[in-house]
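All values derive from a computational prediction rather than experimental measurement.
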Amino acid sequence: MDAKTYNAALAELRADRDEIKKARAALAKLENTRDKKIRALAAYDNANAERIAPAAGLSLADIVQIAPALAPESLTPPAATAAENPEQPGPAEAPDTELALPDGETPTAAADPAVITPAATALAPSTAETTTSAPPASPAAQAAKPLASIPHGPDGDRWFAHTPNLVSTHPNFTQQARSTVFLDTATGILVHRDQTLRLALPDTRAATILQAVFHTVPEGTERIFITAGDPWHHQADQYAFLKDAVAAWLNEPIDGWRTDTGRGKDKMAGHFVHPRNPVGRYQSDNGRHHVEIRSVGEWFDPEGADPTTVRDAFVLLWKALRAHWNDAVLMGSPSQTGRDLWTRTIPTRGQHADGYPVLSEELRALLHATAGQGRTELLAPPAVPAQLPALVEYDRTFAYAKHTWKSPVGTPRRITAQTFASWSEKDQIKALYGCGHWHVRVTVPDTWNHVGLLPAPAPGDRAWHYPATPGTTFTTWAGGPEIHTALANPIQPWRIEILDGLLFDDGKPLDDWAKKLKDAWATLAAQADLHGDPAQRHAARLASRAVRSLLLYGIGSFAQRPRMVTGTTPRAQERDVPADAEIIGFTDETITWQRPTGFTRDPNAHPEWAAAIWSGARAALLSQRHRDDNAYAGALHAPPGSVVAFRTDAVYLTTPQPWPYHGQPGDYLHKGHLAGPLAAPTTEDELLTLRDAGRAALQKTTATPGEA
C-alpha cells in the first residue's frame with residue numbers, strides 16, 4: 001500500500017465513521033419517539049404491558065422500565081434464564097443470573113453467621129461480636145443484585161429432598177447410530193462412508209442442501225455435518241445480528257419438509273438457534289425422513305480440514321470410545337454423547353445400583369442461580385501496567401478432567417450458621433474440604449494487593465466479578481475448593497463468615513466415566529504425535545479435541561438449565577405472542593420470540609456435579625499443587641500486578657513462569673508468548689487479538705507440546 005492509497009482509505013474510514021454516527025443518532029431518535037409513545041399509551045386506563053410489548057418489539061421488563069405505571073400491582077420477578085441449547089450448555093458462558101429472594105428477606109437476614117478468622121479456621125469468640133465488627137459493605141457490593149438464599153425454617157428445610165420418581169439409572173437400551181454425511185458447502189465436497197462426491201450447490205439455503213444431499217444419497221441420511229462454509233450466514237449482511245440471520249435460514253419454508261417434532265425416545269425436536277453452531281431439525285412431509293443439519297464446530301474447530309479428514313476424526317473417536325464402551329454411539333452433539341456414555345457407567349449392582357436421585361427443583365434452581373462457570377475477567381490499568389512487558393498465556397490442559405475424582409452424592413444436609421459454629425475446628429475444616437456449596441459473607445484483607453479470589457454478583461448485570469479492593473465486604477455463594485483457597489492461599493487468608501450451606505456426602509459418580517475419557521484422549525493424543533501419515537495425525541488431533549468436548553460439555557449438560565423455547569408468530573396475530581416472551585427479532589411477516597419454560601423432568605440433571613467441578617477449576621486457576629514436582633502453579637504464584645486476564649482455563653500474565661508441564665490433565669501449558677512493550681488490552685477483542693498473535697509467535701520459536 002502506498003501513501004496515496006493509505007490516505008484514500010483513511011478518507012473512506014472517516015466517511016464510514018460519519019455514517020455510523022448519523023445512523024446511531026437516527027436510531028436514538030427513533031427509540032426516544034417509541035418510548036414517548038409507550039408512556040403515552042400507559043396513560044390509557046386499560047393499558048396492558050402484554051399488549052404493548054410485542055407491538056414495540058420489547059420484553060415486558062423493558063416496557064415496565066420505560067413506563068413503571070404498567071408494572072403489575074404484585075410483581076414477583078421470575079428467575080431469569082439465558083437462552084441455552086439443552087444439549088450443549090457451554091462452560092465459558094456468562095454465569096447464571098440470580099433468583100428472586102423470598103418476600104421480606106435479604107442476604108444478610110440469616111441467623112448470626114459463623115466466622116472463620118483469618119488466622120485459622122476457628123470461630124470468633126462471639127458470633128454477635130463478629131456480626132457487628134464486620135466492615136460495612138462496599139458501594140459496589142451494596143449495588144449488586146441480591147443472590148438467592150434458602151428460606152428460614154420449615155420452608156427452606158423442605159428444599160432438602162429429591163424430586164420424586166426422578167433418578168439417573170443405567171439405560172436398558174442401546175443407542176442407534178445415525179447415517180451421517182460430511183459436507184463442505186463452500187466447495188460442495190460431500191463424504192458419505194468411503195465415498196467422496198461433489199455437489200453442485202447454486203446457493204446454500206437449507207432447501208438446496210437437503211435437495212442435493214437426498215438426490216445424491218437418496219436413502220438413509222439422518223445427519224448432515226457441515227465441515228465448512230457456514231451456510232446459515234449466507235444472508236448475514238441483511239440482519240443486524242447473526243442470530244437473526246441464522247433464525248431466518250433455519251425457518252425458511254422448504255417444499256416437502258417441515259420442522260421435526262421428534263420421534264420415539266428422541267426428545268430433541270425443533271431448530272436450535274445459535275449464531276455459530278445452530279441445529280436444523282427437519283422431517284419430510286410424508287414422514288419417511290428425519291434429518292439434522294449440524295455444525296462440526298460443536299465438536300472441534302476443524303482448522304481447515306477437508307470433509308474426509310473430519311470423517312476420519314469421527315471414526316478414530318468412535319474406535320477410541322469403543323475400547324471402553326462396547327455400545328458407544330456418536331450422537332449429534334458432544335454433550336448428548338458424553339452424558340449418554342456416563343449413564344452407561346452407572347453401577348448395575350452394589351452401591352448406587354438404584355441410580356442417582358435428582359435434587360428438588362428448588363435446590364436445582366438455587367445452584368443454577370449461584371454456581372457460576374468458568375472465570376472470565378480482564379484486568380485493565382491501573383491493575384496492570386498501561387504498557388505490558390509481554391503477554392504470556394498459560395492454558396490448563398484438559399482442565400475439567402482434573403476435578404472429577406470426587407463429587408457430591410445423596411441428599412445434602414443444610415448447615416446453618418449456628419450448626420457450623422457449634423462444630424469443632426476439625427469438623428469445620430473437614431466440611432470445607434468436602435463437597436459443599438456455601439452462602440458466605442467475605443471480607444478482603446486491608447493489605448491485599450493481588451487478584452480477587454471469590455466470585456460476587458456484579459452490579460447491574462448478570463455477570464460475576466471478583467472483588468479485590470482491600471476492605472471490601474460482599475455476600476456470595478462459593479464451593480468448598482474456592483473457600484479453602486481464600487482461607488489458605490499463599491499470600492494472606494481472607495475473612496469468611498458462613499451464613500448457610502449445602503453439605504453433601506463425598507462420592508465418585510463421575511470417576512469411572514472421566515478415567516475412560518482421559519484414556520481415550522491420551523490414546524488419540526499419542527496418535528496425533530506419532531502417526532506417520534500427516535492427514536491421520538490431523539484427524540487424531542481433532543478426535544482428541546472431540547474427547548475433550550465430550551467431557552467439557554457433558555459436565556455442562558448436568559447443570560440442566562431452564563429451557564428456552566423459540567417461536568414465531570405472524571405480525572397480524574401479535575396478540576398471540578406469549579405474555580412472558582421476549583421479542584428477539586421480527587420481519588414484515590413474523591415476530592420471533594423466546595420464552596423460558598422452566599426445568600424439565602430430566603433424570604440426568606445434576607447441577608451439584610457441574611458446580612463442584614467449576615468451583616475446583618476456578619480455584620486451580622489461582623493455586624494448584626504439583627506434588628511430584630514439589631511446586632505450585634496458578635495466578636497467586638505470579639507477582640502482584642502481573643495477571644492480565646482469566647479465560648475459563650487460561651491465565652494471561654506479563655511474565656513467564658517456571659510452572660511444571662507433563663501433558664497431564666490440569667497442567668499449565670505455555671501456549672502463547674508475545675514480547676512487548678504492548679498496550680494493555682481493555683476489551684475482549686483486543687485480548688483475543690494479542691492472544692492469537694502470541695500463539696503464532698510462540699509456534700515460530702518452539703514446538704508446542706501436548707494438546708490443551
Side-chain angles (χ1 to χ4, degrees), residues 91 159-171 324-325 338-364 366-368 370-371 373 399-415 419-420 423 426-438 477-484 501-519 550-552 554-560 602-620 665-666:
W159 290 19
F160 289 77
H162 285 100
T163 302
N165 304 316
L166 198 60
V167 182
S168 303
T169 57
H170 195 286
H324 301 283
W325 288 276
R339 200 161 64 161
D340 178 71
L341 293 175
W342 169 75
T343 63
R344 298 174 192 280
T345 64
I346 298 174
T348 56
R349 61 180 63 184
Q351 189 179 19
H352 303 301
D354 293 333
Y356 297 97
V358 174
L359 294 177
S360 69
E361 186 166 330
E362 291 83 359
L363 285 185
R364 280 182 281 151
L366 177 74
L367 288 163
H368 167 70
T370 61
Q373 300 181 25
Y400 286 4
K402 177 77 172 179
H403 306 286
T404 55
W405 64 276
K406 182 177 74 172
S407 301
V409 294
T411 304
R413 290 177 289 156
R414 181 178 188 177
I415 309 301
T419 300
F420 193 87
W423 288 351
K426 179 180 179 180
D427 288 338
Q428 291 176 3
I429 295 173
K430 181 180 178 181
L432 294 177
Y433 268 110
C435 294
H437 190 57
W438 301 96
W477 286 83
E482 295 168 284
I483 298 293
H484 179 262
L502 287 66
L503 184 60
F504 296 82
D505 291 335
D506 295 351
K508 293 181 175 292
L510 305 176
D511 192 44
D512 184 36
W513 173 70
K515 284 179 178 176
K516 291 178 177 179
L517 290 178
K518 284 186 281 189
D519 186 76
L550 289 174
L551 186 133
L552 189 72
I555 289 168
S557 71
F558 289 125
Q560 198 242 358
D602 183 350
N604 297 319
H606 292 284
E608 67 276 19
W609 298 346
I613 292 170
W614 293 336
S615 176
R618 290 193 299 268

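- I555 places a side-chain heavy atom less than 4.5 Å from the side chain of W513.
- A side chain to side chain contact (heavy atoms under 4.5 Å, CB included) with L359 is found for one member of F504, W159, F160 and no other, namely F504.
- The CZ atom of R344 sits 7.0 Å away from atom NE2 of H170, with the distance rounded to the nearest 0.5 Å.
- To the nearest 0.5 angstrom, D505 atom CG is 7.0 Å from R413 atom CZ.
- Under the side chain to side chain contact (heavy atoms under 4.5 Å, CB included) rule, L502 has a single partner from T411, L366, I415, which is L366.
- Residues R364 and D602 are not paired through a salt bridge, judged by the lack of any N-O separation under 4.0 Å between the basic side chain and the carboxylate.
- Salt bridge present: K516 and D512 bring a charged side-chain N and a carboxylate O closer than 4.0 Å.
- Proximity of a side-chain donor or acceptor of T343 to a complementary backbone N or O of D340 within less than 3.5 Å is detected.
- The environment of NZ in K515 is sparse: at most 12 heavy-atom neighbours from other residues, nucleotides or ligands sit within 6.0 Å.
- Taking the six-membered ring for Trp and thresholds of 30 and 60 degrees, H437 and W477 have nearly parallel ring planes, at less than 30 degrees apart.
- Listed by first and then second residue, the side chain to side chain donor-acceptor pair (under 3.5 Å) pairs that reach into residues 346-356 come to none, sequence neighbours excluded.
- Below 30°, between 30° and 60°, or above 60°: for W609 and H606 the angle between ring planes is below 30°, a parallel geometry.
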* Pair I613-F558, side chain to side chain contact (heavy atoms under 4.5 Å, CB included): steps then yes or no -> CA-CA 11 Å; I613 292 170; F558 289 125; over 6 Å; no
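- Taking the side chain as every heavy atom from C-beta outward, L503 and P412 never approach each other to under 4.5 Å.
- Checking side-chain atoms of E361 against main-chain N and O of T163 turns up no donor-acceptor pair under 3.5 Å.
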